[in-house]
2 protein chains.
Amino acid sequence: MVASIEDVARHAGVSIATVSRALRGLPDVAAATRDRVLQAATELNYVASPFAARLASGRTTTVGLVVPFVNRWFFAEVIATVEAALRHAGFDLLLYNLGDAQGRSRFFDVMPMRKRVDGVLVASLVLDDAEFSALTELNRPVGLLGLDRDGFLSARIDDVASARTAVDHLVEAGHRRIGLIGGDTDDPMAFTPPLHRRDGYRDALQAAGLDADPGLEHLGYFTVDGGRTATRRLLELADPPTAIFAESDEMAYGALREIRDAGLRVPDDVAVIGFDDQPLSELMDLSTIRQPVADEALSVTTRLLALIASDDHDNLGETEVVLPTELVVRGSSGPRR
Amino acid sequence: MVASIEDVARHAGVSIATVSRALRGLPDVAAATRDRVLQAATELNYVASPFAARLASGRTTTVGLVVPFVNRWFFAEVIATVEAALRHAGFDLLLYNLGDAQGRSRFFDVMPMRKRVDGVLVASLVLDDAEFSALTELNRPVGLLGLDRDGFLSARIDDVASARTAVDHLVEAGHRRIGLIGGDTDDPMAFTPPLHRRDGYRDALQAAGLDADPGLEHLGYFTVDGGRTATRRLLELADPPTAIFAESDEMAYGALREIRDAGLRVPDDVAVIGFDDQPLSELMDLSTIRQPVADEALSVTTRLLALIASDDHDNLGETEVVLPTELVVRGSSGPRR
DNA sequence: CTGTTAGCGCTTTCAA
DNA sequence: TTGAAAGCGCTAACAG
C-alpha cells in the first residue's frame with residue numbers, strides 16, 4: 001500500500017540502487033536519471049524507510065539529548081535549540097529526561113540510547129566516572145553542555161567567573177554581608193551550576209576580604225519556593241545580609257517576594273541579583289547574569305553533527321568552547337543606601 | 001565487537017529464534033531455556049538492535065510528539081509527562097517542534113514522522129482539514145491534547161467554560177468593564193486556547209448582560225511583553241476596565257506589572273485573573289484557572305499506547321476526555337472597591 | 001553512470 | 001517447545 005524503493009525503481013525504469021543513489025543526492029548519477037527518479041518518487045509519494053536505511057548503513061541520523069529536567073527555563077531553551085538544529089540537518093531528536101535519581105541510575109544502567117543514536121548530547125549533568133564510562137562505551141561522539149571533560153566536545157559558560165561577577169557587583173555597591181541561595185551540591189540529581197556558582201561566590205567574598213560565613217549560605221533548590229524559604233532564613237539571622245546572590249533567577253524571584261513580604265524594600269534594604277536572565281527577569285526588574293543558552297546549545301550541536309559526519313571520530317577539532325556572559329544591572333541591585 | 005543475536009544464541013546453545021522469543025518474553029519457551037538465554041544475554045551485554053527489530057516486525061516502539069513550542073510552561077509540562085509515560089512503556093519519544101509558520105507548513109508537507117512512529121501525539125494546535133488529513137494518512141493512531149475531533153483520541157479541558165468561570169468571578173466581584181488580553185486567533189501558529197478562551201469571555205459578558213466592547217479586547221500574544229502592551233492600551237482607554245482577564249498567566253504577569261507601573265493598585269483599581277496556574281502565579285498572588293496539564297497528557301498518552309498495543313486501531317474506546325479545571329482565587333482579584 | 005548481489009540483525013511463519 | 005529459513009527495505013561493494 002505504501003510505496004517501497006522497488007516501486008520507485010520500476011516506475012522510473014531503473015534499478016533500486018540507482019533510486020537509492022539519486023534520492024540521497026550521491027554523485028555519479030546522470031541528471032536525466034536523477035530527475036526521472038525524483039519524479040517517480042514524488043508521484044508515488046515515496047520516502048525511504050529510515051529503519052531499513054539504518055540497518056543497512058549503520059547510520060541512524062538520530063541524536064540523543066539527555067536532560068535532567070525539561071520544564072525548567074534553561075533546559076527548555078536547550079531542547080528548542082537542539083531540536084531546530086537537528087531538524088535542519090535532517091536528524092531525529094530522541095529525548096531522554098532523567099526525571100529523578102532512580103530514573104537517572106536506571107538510565108545509565110540500561111543505556112536506552114544503545115544502538116539507536118549517532119551521537120549524544122548531555123546537558124548540565126554532574127557525571128561521575130561510571131557515567132562517563134557508560135557514555136564512552138556507546139562508541140559515539142558525545143557533546144557536553146554546561147560542563148566539560150577531556151576528550152569530549154563541550155560548550156558552557158564560565159559559571160565560577162560569572163558568579164563572581166555577580167557578587168563583585170554587590171560588593172562594589174557597598175555590601176559587606178552577602179547571602180547565597182544555591183542548589184544542593186550533594187543531590188543525586190545534581191546539575192553543574194550549583195557547584196561552580198557557589199565557588200564563584202566564595203571567591204568573590206575572599207577577594208573582597210570578606211569573611212565567609214556559612215550561615216549566609218542557604219539552599220534554594222533552584223525553585224521559586226526554595227528561594228523564598230532560603231530568604232526567610234537569611235532575613236531571620238541576627239545579622240541579616242544586605243544583599244543576596246541567588247544562583248538562578250527562579251530562586252531570586254522567591255527572594256524578591258519574601259523580602260517584600262517582610263516589609264523590606266528592594267534594593268534599599270536588601271539587594272538581589274540572580275543568574276540566567278530569563279524573560280521574566282526584566283519584568284521583575286531583577287539584576288542578573290545573562291547567559292547565551294541558545295548559542296551554547298547551537299555551538300555544541302553543530303560541532304557534534306560535524307563530528308558525526310566526519311570519518312575520524314577522535315579528531316574532535318575545537319573541543320571546549322566557553323561563551324561569555326553579561327552582567328545585567330536592573331533595579332534589584334541599586335547602590336546600598 | 002558488540003554482541004548480536006547470533007552471539008547470544010551460540011552462547012546459550014539455542015537458535016536465534018529462541019533467543020528472540022525468550023528475550024521478548026513470549027510464551028512457549030521453557031523456563032530453563034529462557035534462563036539460559038537471559039544469562040547469555042547478560043553476560044554478553046546484549047541488547048537487540050531496535051532498527052533490525054523494527055524492520056522485521058514493522059513496529060517502531062516510538063511515538064512522535066508534535067508541539068508548537070517547547071519553552072512555554074504548558075508544553076514543557078506536556079513533554080515531561082509524555083516522555084516519562086513513554087519511557088515507562090519502553091517507547092522512544094521523537095520530538096517535533098514546529099517552530100514558526102514556515103516550519104509548520106514544511107512539517108505537514110514532508111511529514112517527517114512517516115514510517116518512523118507507531119503513534120502520534122499533537123498538542124494544542126489548531127489544525128486545518130489538510131493537516132488532519134496528513135495526520136490520518138500516517139495510518140497510525142493519533143492522540144490530540146488540548147483539542148478534539150471526531151475519530152481521534154483526545155484529552156483537553158473545557159476552555160470555553162473555564163474562561164467563562166474566570167470572567168464570571170470578576171462579574172460577581174462587581175466588575176462591569178472587563179478587558180480581555182488574548183492570543184492572535186489568525187496567527188498561522190495559532191494554538192487552541194485563544195479561540196476558546198475568548199469565546200468563554202464573550203459568553204460570560206453576554207450572560208451578565210454586559211455589552212461586548214471590541215475596544216476591551218487586546219492581543220497579548222501569550223507573552224509577558226504582549227500582556228504589558230495590551231494592558232497599556234487598556235489603561236489608556238477613555239473608560240478603562242476595572243478588571244482584566246488574561247488568557248494565560250504569562251500575559252497576566254505583564255498586566256500586573258503594567259498596572260502597578262501606571263501607579264494603580266491591584267486589585268483595588270484593576271483586578272486581574274489569568275489562566276493556567278503556573279508555579280509562579282502563587283508568588284505573583286495571581287488569581288487564575290488551574291488546569292491539570294499532567295493529567296491531560298497522561299490520559300491521552302495512556303490511551304494512545306493502549307490503542308497501539310491493540311490490534312484494532314479503529315476501536316478507540318473512550319475517545320474524548322475532558323478534565324476539570326479549578327478557579328484559584330488569590331489577591332489579584334479581590335472584590336471591587 | 002548503472003545494475004547485480006550480498007548483507008544489515010532481527011521477527012515470524014512453518015515444520016518438526 | 002524449538003529450529004530453519006524467508007524476508008523486512010534498504011545500502012554498499014563490485015562489476016560492467
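Per chain, numbering begins at 1; letters A, B, ... match sequence-line order.
Contacts of residues 8-27 of chain B with DNA chain D (heavy atom under 4.0 Å): B/Val14, B/Ser15, B/Ala17, B/Thr18, B/Arg21. Near DNA chain D, defined here as any heavy-atom distance below 4.0 Å, the residues from residues 50-62 of chain A are A/Ala52, A/Ala53, A/Ala56, A/Ser57, A/Arg59, listed numerically.
Counting heavy atoms from C-beta on, the side chains of B/Arg114 and A/Asn45 come closer than 4.5 Å. The shortest distance between side-chain heavy atoms of B/Asp28 and B/Arg21 does not fall below 4.5 Å. Here the side chains of A/Asn97 and A/Phe75 are not in contact, with every heavy-atom distance at 4.5 Å or above.
In this structure B/Gln39 satisfies the side chain to side chain contact (heavy atoms under 4.5 Å, CB included) test together with B/Glu43, sequence neighbours excluded. Looking at residues two or more places apart in sequence or on another chain, you find a side chain to side chain contact (heavy atoms under 4.5 Å, CB included) between A/Asn71 and A/Phe69, B/Ala76, B/Glu77, B/Ala80. Residues forming a ring-ring contact (aromatic ring centres under 6.0 Å, His included) with B/Phe91 (at least two apart in sequence, or on another chain): none.
Counting only N and O atoms by type, the side chains of A/Ser133 and A/Thr136 include no donor and acceptor under 3.5 Å apart.
Following rounding to the nearest Å, B/Asp28 (CG) and D/dT2 (P) show an atom-to-atom distance of 9 Å. For the pair B/Leu44 CG and C/dG9 P, the interatomic distance rounds to 15 Å; values are reported in whole Å. Separating the CD atom of B/Glu6 from the P atom of D/dG3 is a distance of 14 Å, rounded to the nearest angstrom.
Checking the phosphate oxygens (OP1, OP2) of D/dG9, no side-chain nitrogen or oxygen of B/Lys115 falls inside 4.0 Å.
Residues A/Leu147 and A/Ser124 approach most closely at CD2-N, 3.9 Å, considering heavy atoms.
When the local axes at the two ends of the helix from C/dC1-D/dG16 to C/dA16-D/dT1 are compared, using 5 base pairs at each end, they differ in direction by 30° after rounding to 10°.
Checked for salt-bridge contact, A/Asp129 and A/Arg149 meet the test: a charged N lies under 4.0 Å from a carboxylate O.
Note: B/Phe191 and B/Phe222 have perpendicular aromatic rings, judged against thresholds of 30 and 60 degrees for the angle between ring planes.
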